[in-house]
Peer 1: 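Here you go, one structure.
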Amino acid sequence: MFKRISALVLAGLTAMAVASCGSGGGTTSAGTSGGGGDDSITMGFSQVGAESGWRTANTKSVQDSAKNAGITLKFSDAQQKQENQIKAIRSYIQQKVDIIAFSPVVESGWDTVLKEAQNAKIPVILTDRAVDSKDTSLYKTFLGSDFIEEGKKAGQWLVEEYKDTKDPVNIVELQGTTGSAPANDRKAGFAEIIQADPKFKIVASQTGDFTRAKGKEVMEAFLKSTPDIDVLYAHNDDMGLGAIEAIEGAGKVPGKDIKIITVDAVKDGMQALADGKINFIVECSPLLGPQLMDLAKKVVKGEQVPARVVTEETTFTQEQAKQVLSTRQY
């Protein structure tokens, strides 16, 4: 599918970065800009959806980076439905794109469609979320965070925070989308750390689907069914922000009456952290676009790439959030 551009035409092109729009529904195509190579790469990208501020920033990073890299992007929003992603991937196969990248809604159920891509000789990159397929030849690499490590970091802060108390610590957990890699792994990593001390008890755990509205709804239910809550562990900022509304609605003070740990470090979450409503945030950067485009170019050229590329991330306390809030990109 590579389109040969003549040297004469290429010499006349002016490289320029074009800002892209944010995430949205349906299927769109981001045209080529910049570049610098003789061949144009077409990437089919299937996004989970637009369920959070993190996801919106991730989409923008992919779209902007594709334009800056001179890669034609065919983009689809799965609206958090696996069947939509499978349909999009099959569409990309029919269109004979050069490479497919996607962030899986859930971990399981991908082997058939990934085998179809493999048979069509179209390489696949997983971004942000992994799949549980035993056949790792079905994709070239996985770019994203270590979700288990994120859960461990959340647990380590909690253990340190309560190291001097022997009283029971009652925890409620807002899980991400059921069956998704971040929900599974953030839960597992957190549980691994706190299980060493029996005073830590997860008294309620339920999915909030990574959305602010669902986080508020589930937290309201937790507050009614479990009046004695010491800590909330939310698998992303958006659910934590929704929970804050519920906590305040119940006449309690978030960050004090109920300590809150979240994951992501989007700007709204960081603001709540700086304001003292959240106590600790584990970063999960959505800005994967530049790395994704670099990997895509290498894969299309037939170069070897690592099977796993982990993004570098940190954690934030309330004081650290105040220091960096003004410079946050998302």
Side-chain angles (χ1 to χ4, degrees), residues 52-54 57 145-165 167-176 182-183 185-197 199-205 208 210 212 215-216 218-219 222-223 229-248 252-286 311-328 330:
S52 63
W54 191 99
S145 303
D146 185 333
F147 300 132
I148 291 178
E149 184 61 27
E150 290 171 354
K152 287 182 178 180
K153 288 176 181 177
Q156 287 160 356
W157 179 86
L158 184 65
V159 168
E160 179 65 21
E161 182 71 9
Y162 284 91
K163 66 180 180 181
D164 296 326
T165 183
D167 297 331
V169 179
N170 291 333
I171 306 160
V172 294
E173 181 180 32
L174 283 169
Q175 299 179 43
D185 292 352
R186 286 171 186 165
K187 181 177 180 64
F190 183 76
E192 181 180 333
I193 297 300
I194 67 169
Q195 69 182 357
D197 191 334
K199 74 184 175 191
F200 295 111
K201 293 179 171 58
I202 298 178
V203 295
S205 183
F210 284 127
R212 196 172 302 197
K216 179 181 179 181
V218 176
M219 191 66 199
F222 284 164
L223 288 162
I229 299 172
D230 300 304
V231 176
L232 163 66
Y233 169 44
H235 288 188
N236 79 340
D237 291 343
D238 278 75
M239 290 189 296
L241 291 166
I244 286 171
E245 294 180 36
I247 292 167
E248 291 176 333
K252 295 180 181 290
V253 181
K256 293 183 180 179
D257 294 335
I258 298 176
K259 294 190 177 180
I260 300 174
I261 308 166
T262 66
V263 181
D264 273 355
V266 298
K267 201 154 193 176
D268 285 353
M270 292 289 280
Q271 184 65 63
L273 181 62
D275 292 342
K277 295 184 178 184
I278 292 176
N279 301 84
F280 187 70
I281 293 181
V282 179
E283 184 182 39
C284 180
S285 176
T311 52
E312 293 185 8
E313 293 154 343
T314 186
T315 60
F316 295 97
T317 62
Q318 291 174 344
E319 286 305 312
Q320 290 168 333
K322 292 175 185 177
Q323 295 170 9
V324 303
L325 185 59
S326 63
T327 62
R328 297 301 285 173
Y330 53 93

Peer 1: Answer with yes or no whether the side chains of His235 and Glu173 bring together a donor and an acceptor at under 3.5 Å.
Peer 2: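 The criterion, which ignores hydrogens and geometry beyond distance, is satisfied for His235 and Glu173.
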Peer 1: Which residue, Lys153, Lys187, Lys152, forms the salt bridge (charged side-chain N to carboxylate O under 4.0 Å, His left out) with Glu192?
Peer 2: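 Passing option: Lys152.
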Peer 1: Just grab all the ring-ring contact (aromatic ring centres under 6.0 Å, His included) pairs involving residues 252-276, residues at least two apart or on different chains.
Peer 2: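 For residues 252-276, and leaving out neighbouring residues, there are no ring-ring contact (aromatic ring centres under 6.0 Å, His included) pairs at all.
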Peer 1: Are Glu319 and Lys322 ion-paired here, with the side-chain N under 4.0 Å from a carboxylate O?
Peer 2: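 Yes, Glu319 and Lys322 are salt-bridged.
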Peer 1: Using the test ring-ring contact (aromatic ring centres under 6.0 Å, His included), find all partners of Phe190 that sit at least two apart in sequence or belong to another chain.
Peer 2: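 Only Tyr233 meet the ring-ring contact (aromatic ring centres under 6.0 Å, His included) criterion with Phe190.
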Peer 1: Angle class for the Phe280/Trp157 ring planes (parallel below 30°, perpendicular above 60°, tilted otherwise)?
Peer 2: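 Ring orientation, 0 to 90° scale: parallel.
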Peer 1: Taking salt bridge (charged side-chain N to carboxylate O under 4.0 Å, His left out) as the test, write out the residues that go with Glu283, two or more places apart.
Peer 2: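 Glu283 satisfies salt bridge (charged side-chain N to carboxylate O under 4.0 Å, His left out) with Arg328 only.
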Peer 1: Verify, without hydrogens or angle tests, whether Glu150 (side chain) and Arg186 (backbone) share a donor-acceptor contact under 3.5 angstrom.
Peer 2: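 Here the side-chain-to-backbone pair does not exist.
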Peer 1: Do Trp54 and Asn236 pass the side chain to side chain contact (heavy atoms under 4.5 Å, CB included) test, and can you show the C-alpha distance, the side-chain angles, and the key distance before you say yes or no?
Peer 2: CA-CA 9 Å; Trp54 191 99; Asn236 79 340; 5.9 Å; no
Peer 1: Passes salt bridge (charged side-chain N to carboxylate O under 4.0 Å, His left out), Glu248 versus Lys277? Steps please.
Peer 2: CA-CA 10 Å; Glu248 291 176 333; Lys277 295 184 178 184; 3.1 Å; yes
Peer 1: Which atom pair, heavy atoms only, marks the closest approach of Leu223 to Ala246?
Peer 2: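 It is CD1-O, 3.5 Å.
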Peer 1: Which residue pairs pass the side chain to side chain donor-acceptor pair (under 3.5 Å) test with at least one member in residues 252-261, sequence neighbours excluded?
Peer 2: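 Checked against side chain to side chain donor-acceptor pair (under 3.5 Å) - neighbours excluded - the pairs reaching residues 252-261 are Glu161-Lys259.
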Peer 1: Mind checking what makes salt bridge (charged side-chain N to carboxylate O under 4.0 Å, His left out) contact with Asp197, not counting sequence neighbours?
Peer 2: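 Listed in chain order: Lys199.
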Peer 1: Let's go through Val172 and Ile258 carefully: what are the C-alpha distance in whole Å and the side-chain angles of both, what is the deciding distance for side chain to side chain contact (heavy atoms under 4.5 Å, CB included) to 0.1 Å, and is it a yes or a no?
Peer 2: CA-CA 10 Å; Val172 294; Ile258 298 176; 5.8 Å; no
Peer 1: So which heavy atom on Tyr330 is nearest to which on Ala57, and how close?
Peer 2: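 In terms of heavy atoms, the two residues are closest at CB-CB, 3.5 Å.
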Peer 1: Less than 3.5 Å apart, which donor and acceptor atoms pair up between the side chains of residues 266-276 and the rest of the protein, not counting sequence neighbours?
Peer 2:
| unit_1 | atom_1 | unit_2 | atom_2 | d |
| --- | --- | --- | --- | --- |
| Asp268 | OD2 | Arg212 | NH2 | 3.2 |
| Gln271 | NE2 | Asp275 | OD1 | 3.1 |
| Gln271 | NE2 | Asp275 | OD2 | 3.4 |

Peer 1: Counting only N and O atoms by type, is there a donor-acceptor contact under 3.5 Å from the side chain of Asn279 to the main-chain atoms of Ile261?
Peer 2: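 Checking the backbone N and O of Ile261 against the side chain of Asn279, no donor-acceptor pair under 3.5 Å is found.
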Peer 1: Tell me whether Asp230 contacts the main-chain N or O of Asn170 through its side chain, where contact means a donor paired with an acceptor under 3.5 Å.
Peer 2: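 Pair found, side chain donor or acceptor close to backbone of Asn170.
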